[in-house]
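Note sheet for the following structure.
Just the heavy atoms: all of them, side chains too, but no hydrogens, waters or symmetry mates, feed the values below. Note that the structure is predicted; figures quoted are calculated from it, not measured.
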Amino acid sequence: MNSKVPTLLLYRKGSTQLVHWGMDARRRIMKPGSGDLLLLYNFRLYLDEYLQEEVLPSNLQIVDVITDYLHSFHQHACAEICTNTLGVSYDQSQFRYFLTVPTTWNDRAKAIMREASIRAGLVKRGDHPDRLILVSETQAAVSYCQRKLTLAHGQRFMICDAGGSTVDLTVFEIDKQKNGRRLYKELASNSCGSGSLNLRMRNYIKRRFYHFINISEKAMMDIMDEFVDLLKPGFDGSEDQYLVLPESMSCENLTDEDFKAIGTKDYNLTLPVNELKEQVFDPVVDPVLQLITEQLAQSPDCLDAIFLIGSLSKSIYLYRRAEEMFSNRVGMIKVPPRSELAYSRGATYFGLDQL
């Protein structure tokens, strides 16, 4: 399986019946004749306390939407397990599940996730609660860093979880026991809302074309793919960026004057570095850096390390600005290897430690 499945669900407008999920949802929405379809993405964010007043379209309920996704994902995962275990048979009723959830989620959000997991068939309502454990993303990240990095007794480090719509910071101290086991004592924590970098980019592109054309969902997905895969991780804040307009853009009615006004030449859209910083990156990165500053001010002793994880951890721009601001105040600033898997593998390590 791919390390990350797109958080996408496809419904017919006005209906609660699921049509496709994941990559299949994406492939279908990009085909002709998709005008009656509704694509949902990043819907887990609706459980975040900063967004709980938001309403889903087509009278969809968040618990039902998450149930649909978990049910589809679970069926796919079980099929993959059966296919790739060389004939070994597993009793699904013996499975234990460790689902990561944002550290800032309140009890209501966690209760909805547990209810959706039951409705999706992961566990039964009468099962022991330990069959389904909700692991905070911070705890999963600690378990991941514990396996991937060498840390000594007494060292203090910060995990900066920057992703989704929130930033979570937690400071830990390593306490090595006589039996050789290492405990991670939580010394302090803090969090704030940061907003989604991807959402800011979508809105920025819409503003650039607002007076000229309406960008279709298919075209926007093509644009966002290029942004997520290339521009977002590679942007360092030093120079303009360029984005090739996809063929799915309806630009045939645009004049040369229109292209010039938009900032496009030969179907290459210029993204001025100052606009990217001010309208896309800084509104998300600045709260991260501010929160780190506040946390460092509360820490009486110097930290040995800051570990960046979450969807923003691959951002060169975030890393460079963190280096500029904090390199003289901490031992090192580091992005753990395969940090995009910190949650999923960290939750697995956490589960194994419970055996």
Aromatic rings Phe73 and Tyr69: how do their planes relate, parallel, tilted or perpendicular, breaks at 30° and 60°? parallel
Hey, quick one: are Val135 and Leu132 part of the same hydrophobic cluster, counting side-chain heavy atoms closer than 4.5 Å, chains of contacts allowed? no
Which of Arg131, Arg125, Lys124 passes salt bridge (Lys or Arg N to Asp or Glu O under 4.0 Å) with Asp127? It is Arg131
Heavy atoms of Ile292 and Cys160 approach each other most closely as CD1-SG, 4.1 Å
Group every Ile, Leu, Val, Met, Phe, Trp and Tyr by side-chain heavy-atom contacts under 4.5 Å, then state whether Tyr144 and Ile133 land in the same group. no
State whether the number of non-hydrogen atoms from other residues, nucleotides or ligands found under 6.0 Å of Lys277 atom NZ is greater than 12. yes
Could you tell me the separation between the CD1 atom of Ile306 and the OG atom of Ser327, rounded to the nearest 0.5 Å? 10.0 Å
I'd like to know if Leu10 and Ile66 are part of one continuous hydrophobic network [Ile/Leu/Val/Met/Phe/Trp/Tyr, side-chain heavy atoms within less than 4.5 Å]. no
Would you tell me whether Glu294 and Gln290 have side-chain atoms, one donor and one acceptor, within less than 3.5 Å of each other? yes
Less than 4.5 Å apart, any side-chain heavy atom of Thr264 and any of Phe212? no
Show your working on side-chain contact (heavy atoms from CB on, under 4.5 Å) between Ile112 and Trp105 and close with a plain yes or no. CA-CA 11 Å; Ile112 291 176; Trp105 270 14; over 6 Å; no
Verdict with reasoning, Gln92 to Ile81, per side-chain contact (heavy atoms from CB on, under 4.5 Å): CA-CA 10 Å; Gln92 185 181 323; Ile81 291 172; over 6 Å; no
Return yes when atom CG of Asn328 has more than 12 non-hydrogen atoms of other residues, nucleotides or ligands closer than 6.0 Å, and no otherwise. yes
Distance-only, no hydrogens or angles: does the Asn274 side chain make a donor-acceptor pair with backbone N or O of Pro272 under 3.5 Å? no
Starting from the C-alpha separation in whole Å, work towards a yes-or-no answer on side-chain contact (heavy atoms from CB on, under 4.5 Å) for Leu231 and Leu276. CA-CA 10 Å; Leu231 296 185; Leu276 284 177; over 6 Å; no
Between Asp168 and Thr138, a side-chain donor and acceptor under 3.5 Å: no
For Tyr349 and Ser143, the nearest pair of non-hydrogen atoms, with its separation, is CD1-O, 3.9 Å
If I compare all heavy atoms of Arg114 with all of Pro129, which pair ends up nearest, and what's the gap? NH1-O, 3.8 Å
Quick one: do the Arg208 and Tyr204 side chains pair a donor with an acceptor below 3.5 Å? yes
If hydrophobic clusters are built from ILVMFWY residues whose side chains come within less than 4.5 Å, do Val280 and Met220 share one? yes
To the nearest 0.5 Å, how far apart are OG1 in Thr348 and OH in Tyr343? 14.5 Å
Look at the side chain of Asp304 and the backbone N and O of Phe157, then say whether any donor-acceptor pair between them is shorter than 3.5 Å. no
With rounding to the nearest 0.5 Å, note down the distance linking CZ in Phe98 to CG in Leu134. 10.5 Å
For the residue pair Phe95 and Cys78, what are the closest heavy atoms and their distance? CE1-SG, 4.3 Å
When every non-hydrogen atom of Val335 is compared with those of Ser313, the smallest separation belongs to CG2-O, 3.5 Å
If hydrophobic clusters are built from ILVMFWY residues whose side chains come within less than 4.5 Å, do Leu56 and Leu38 share one? yes
Side chains of Thr67 and Asp64: do they bring a donor and an acceptor to under 3.5 Å? no
Rounded to the nearest 0.5 angstrom, the CD-CG distance for Gln139 and Asp353 is 9.0 Å
For Leu199, the rest of its hydrophobic cluster, which grows through side-chain links under 4.5 angstrom: none
Show your working on side-chain contact (heavy atoms from CB on, under 4.5 Å) between Asp258 and Ile213 and close with a plain yes or no. CA-CA 10 Å; Asp258 291 336; Ile213 59 173; over 6 Å; no
Are the side chain of Arg12 and the backbone of Gln17 linked by a donor-acceptor contact shorter than 3.5 Å? no
For Tyr11 and Thr16 the tightest heavy-atom approach is CE2-O, 3.5 Å
Would you check, one step at a time, whether the test ring pair (Phe, Tyr, Trp, His ring centres under 6.0 Å) holds for Tyr267 with Phe259? CA-CA 8 Å; Tyr267 281 81; Phe259 280 119; 5.6 Å; yes
Can a donor-acceptor pair be found, under 3.5 Å and without considering hydrogens, that links the side chain of Gln241 to the backbone of Glu239? yes
Would you mind reporting whether Thr170 and Val142 have side-chain heavy atoms less than 4.5 Å apart? no
Does the His20 side chain pair with the main chain of Ala25, one donor and one acceptor, at a distance under 3.5 Å? no
More than 12 heavy atoms of other residues, nucleotides or ligands under 6.0 Å from CG of Asp107: yes or no? no
Going by heavy atoms in the side chains, are Leu197 and Phe281 under 4.5 Å from each other? yes
Given the rule in the salt bridge (Lys or Arg N to Asp or Glu O under 4.0 Å) test, do Arg207 and Glu275 qualify, once you have shown the distances and angles that lead to the verdict? CA-CA 12 Å; Arg207 289 194 297 271; Glu275 289 187 6; over 6 Å; no
Scan residues 314-326 for pairs that pass side chain to side chain donor-acceptor pair (under 3.5 Å), counting only residues two or more places apart or in two chains. Asp236-Arg320, Asp282-Tyr317, Asp282-Arg321, Asp286-Arg321, Tyr319-Glu323
Counting C-beta onward and ignoring hydrogens, is there a side-chain heavy-atom pair between Met224 and Ile205 closer than 4.5 Å? no
Just how far is it from atom CG of Leu230 to atom OH of Tyr242, taken to the nearest 0.5 Å? 16.0 Å
Quick one, Asp256 with Lys260, criterion salt bridge (Lys or Arg N to Asp or Glu O under 4.0 Å). Give me CA distance, side-chain angles, the key distance, then yes/no. CA-CA 6 Å; Asp256 290 341; Lys260 184 176 181 180; over 6 Å; no
What's the separation between atom CG in Asn203 and atom CG in Asn198, rounded to the nearest 0.5 Å? 11.0 Å
Looking only at atom types and distance, does a side-chain atom of Ser34 sit under 3.5 Å from a main-chain N or O of Leu37, one as donor and one as acceptor? no
Do the non-hydrogen side-chain atoms of Thr100 and Ser344 ever get within less than 4.5 Å of each other? no
Would you mind telling me which of Arg202, Arg28, Lys31, Lys206 makes a salt bridge (Lys or Arg N to Asp or Glu O under 4.0 Å) with Glu217? Arg202
